[in-house]
Amino acid sequence: GKFDAQTSIAHFYSRDTAARPRLLERIVSYDRSFQEQVAYYFGDSGRLERIVRTDAEGVDETSVEYAVFKNEATRSFTKNGELQKSIRTSQVQGEQGGTTTQLVKEYLRGSPVKAVESPLDEQGKLLREVTFAYDAEKKSFVPASTREVSYNDQGLPETETTTIHAQGKGGSKGERKEIRNYVYQMDGSGYGNWVRQVVTPENSFVVRQIAYYKPPAEVAQKDSLND
């Protein structure tokens with residue numbers, strides 16, 4: 001595509017280690033018509049505690065709170081006094097290995113609107129992703145869609161099956177399925193990287209170029225002593 005200085009942006013980062021650690025992010029459009037600054041503040045343990053975002057509309061502050069209950073750890077993000085998002089992470093050890101499940105809940109004006117549950121295997125690969133919609137009448141989350149992923153021998157996504165549940169109720173009546181298949185062209189380097197990914201049935205594709213760093217060959221040092 002054509003480069004647009006107004007819509008193209010750059011991110012600049014700087015780190016302040018004096019007093020309480022802080023990471024500063026500056027977001028600037030190439031024509032400098034848009035500028036934004038985000039400051040991330042960390043506690044003594046290195047955990048993120050506060051996010052301060054400054055732009056033309058003003059300043060927003062998000063606080064991050066942490067809680068642990070049994071095998072569950074929860075992070076809650078509160079923006080200007082209103083709960084925006086919570087992330088709960090739990091781990092279960094089974095016969096076929098461990099599974100880490102992350103449940104992300106999103107809120108609007110303090111009320112729940114959406115949730116996504118994502119179990120991951122020990123290698124961090126996504127096994128399933130369930131998206132929930134919030135039913136205000138039932139005052140609970142109901143499944144809206146389920147996405148399941150299978151992998152090939154190289155650990156790359158091979159098949160993705162998405163089930164759209166009828167009216168977000170999670171039942172089988174009226175639900176529909178969408179299946180995507182992934183085909184790869186490998187680069188033959190031995191590192192297991194692909195250079196072309198084709199997705200069917202829409203026949204879209206992604207091409208990428210990978211350059212590998214080769215360290216310079218070591219030159220044998222000559223003996224400084226004369227023969």
Side-chain angles (χ1 to χ4, degrees), residues 7 9-16 20-29 34-92 98-149 157 160 162-165 167-170:
T7 59
I9 60 175
H11 297 255
F12 301 91
Y13 296 89
S14 60
R15 187 172 183 178
D16 182 7
R20 300 183 72 83
R22 181 183 69 164
L23 178 65
L24 192 64
E25 177 186 12
R26 290 183 61 239
I27 307 171
V28 184
S29 61
F34 171 81
Q35 296 190 38
E36 182 177 318
Q37 177 176 290
V38 185
Y40 304 88
Y41 295 87
F42 299 85
D44 297 333
S45 62
R47 297 192 306 189
L48 179 65
E49 290 186 346
R50 190 160 56 100
I51 305 171
V52 179
R53 183 182 300 271
T54 306
D55 56 21
E57 297 181 356
V59 179
D60 291 318
E61 181 170 330
T62 301
S63 61
V64 186
E65 297 182 353
Y66 299 83
V68 177
F69 178 74
K70 294 184 178 180
N71 65 330
E72 298 178 349
T74 303
R75 289 174 289 163
S76 300
F77 297 79
T78 303
K79 179 180 177 181
N80 299 333
E82 288 187 348
L83 181 62
Q84 297 288 306
K85 180 172 65 174
S86 67
I87 303 175
R88 188 186 71 192
T89 304
S90 59
Q91 295 181 338
V92 176
T99 301
T100 299
T101 300
Q102 187 177 83
L103 176 63
V104 180
K105 294 182 180 180
E106 297 180 7
Y107 299 80
L108 180 62
R109 300 185 183 93
S111 299
V113 292
K114 178 183 176 182
V116 179
E117 185 180 57
S118 307
L120 310 173
D121 66 9
E122 289 184 325
Q123 287 73 43
K125 295 196 297 290
L126 178 68
L127 301 177
R128 184 175 63 258
E129 182 182 82
V130 183
T131 300
F132 298 85
Y134 187 76
D135 190 322
E137 294 182 358
K138 295 181 178 180
K139 295 183 179 181
S140 63
F141 287 100
V142 293
S145 64
T146 301
R147 182 166 66 98
E148 297 179 291
V149 184
E160 180 181 287
T162 301
T163 303
I164 309 299
H165 300 296
Q167 300 178 352
K169 297 181 179 180

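By convention here, the first residue in the shown sequence is residue 1. Below, each value reflects all heavy atoms present in this structure, side chains not excepted, and no hydrogens, waters or symmetry copies.
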Does [X] use its side chain to pair, donor to acceptor, with the backbone of [Y] at less than 3.5 Å?
{"X": "Glu122", "Y": "Gly98", "result": "yes"}
{"X": "Tyr66", "Y": "Arg47", "result": "no"}
{"X": "Asn71", "Y": "Ser90", "result": "no"}
{"X": "Asn80", "Y": "Glu61", "result": "yes"}

More than 12 heavy atoms from other groups under 6.0 Å of CD on Glu57: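 For Glu57, atom CD is not crowded (no more than 12 foreign heavy atoms under 6.0 Å).
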All salt bridge (Lys or Arg N to Asp or Glu O under 4.0 Å) counterparts of [X], not counting sequence neighbours:
{"X": "Lys125", "answer": "Asp121"}
{"X": "Arg53", "answer": "Glu36"}
{"X": "Asp60", "answer": "Lys79"}

Restricting to non-hydrogen atoms, name the atom on [X] and the atom on [Y] that form the minimum distance, rounded to 0.1 Å.
{"X": "Leu103", "Y": "Ala115", "answer": "CD1-CB, 4.3 Å"}
{"X": "Leu83", "Y": "Tyr107", "answer": "O-CB, 3.2 Å"}
{"X": "Ser145", "Y": "Ile164", "answer": "CB-CD1, 3.9 Å"}
{"X": "Thr74", "Y": "Ser76", "answer": "CG2-OG, 4.0 Å"}
{"X": "Glu82", "Y": "Arg109", "answer": "OE1-CA, 3.4 Å"}
{"X": "Ala144", "Y": "Ala133", "answer": "CB-N, 4.3 Å"}

Arg147/Glu160 under salt bridge (charged side-chain N to carboxylate O under 4.0 Å, His left out): CA gap, chis, key distance, verdict: CA-CA 7 Å; Arg147 182 166 66 98; Glu160 180 181 287; 3.0 Å; yes
Spatial distance of atom CG (Leu108) from atom NZ (Lys85) [nearest 0.5 Å]: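 Those atoms lie 14.5 Å apart.
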Reported OG-to-CG distance for the pair Ser140 and Asp135, which is rounded to 0.5 angstrom: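 So the OG of Ser140 and the CG of Asp135 are separated by 6.0 Å.
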Validation row: [X], [Y] side chains within 4.5 angstrom (heavy atoms):
{"X": "Thr89", "Y": "Thr100", "answer": "yes"}
{"X": "Val149", "Y": "Arg128", "answer": "no"}
{"X": "Glu25", "Y": "Tyr40", "answer": "yes"}
{"X": "Gln37", "Y": "Leu24", "answer": "yes"}

Partners passing side-chain hydrogen bond (donor to acceptor under 3.5 Å, both in side chains) against Thr146 (at least two apart in sequence or in another chain):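 Thr146 satisfies side-chain hydrogen bond (donor to acceptor under 3.5 Å, both in side chains) with His165 once adjacent residues are dropped.
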Partner residues of Glu117 under the side-chain hydrogen bond (donor to acceptor under 3.5 Å, both in side chains) criterion, sequence neighbours left out: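 In terms of side-chain hydrogen bond (donor to acceptor under 3.5 Å, both in side chains), with neighbours along the sequence ignored, Glu117 is linked to no residue.
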Contacts of Tyr134 that satisfy ring-ring contact (aromatic ring centres under 6.0 Å, His included) - sequence neighbours left out: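 Result, ring-ring contact (aromatic ring centres under 6.0 Å, His included) vs Tyr134: Phe141.
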From CA spacing to verdict: side-chain contact (heavy atoms from CB on, under 4.5 Å), Thr101, Ser118: CA-CA 6 Å; Thr101 300; Ser118 307; over 6 Å; no
Worked check of side-chain contact (heavy atoms from CB on, under 4.5 Å) between Thr62 and Arg50: CA-CA 6 Å; Thr62 301; Arg50 190 160 56 100; over 6 Å; no
Test side-chain contact (heavy atoms from CB on, under 4.5 Å) applied to Thr78 and Gln84, step by step: CA-CA 5 Å; Thr78 303; Gln84 297 288 306; over 6 Å; no
Side-chain ion pair, Glu65 and Arg75, N-O less than 4.0 Å: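 Looking at Glu65 and Arg75, the cut-off is not met.
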Test: Arg26 cationic atom under 6.0 Å from Tyr13 six-membered ring centre, within 45° of axis: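 No.
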Check against side-chain contact (heavy atoms from CB on, under 4.5 Å), Phe77 and Ile87: CA-CA 9 Å; Phe77 297 79; Ile87 303 175; 3.9 Å; yes
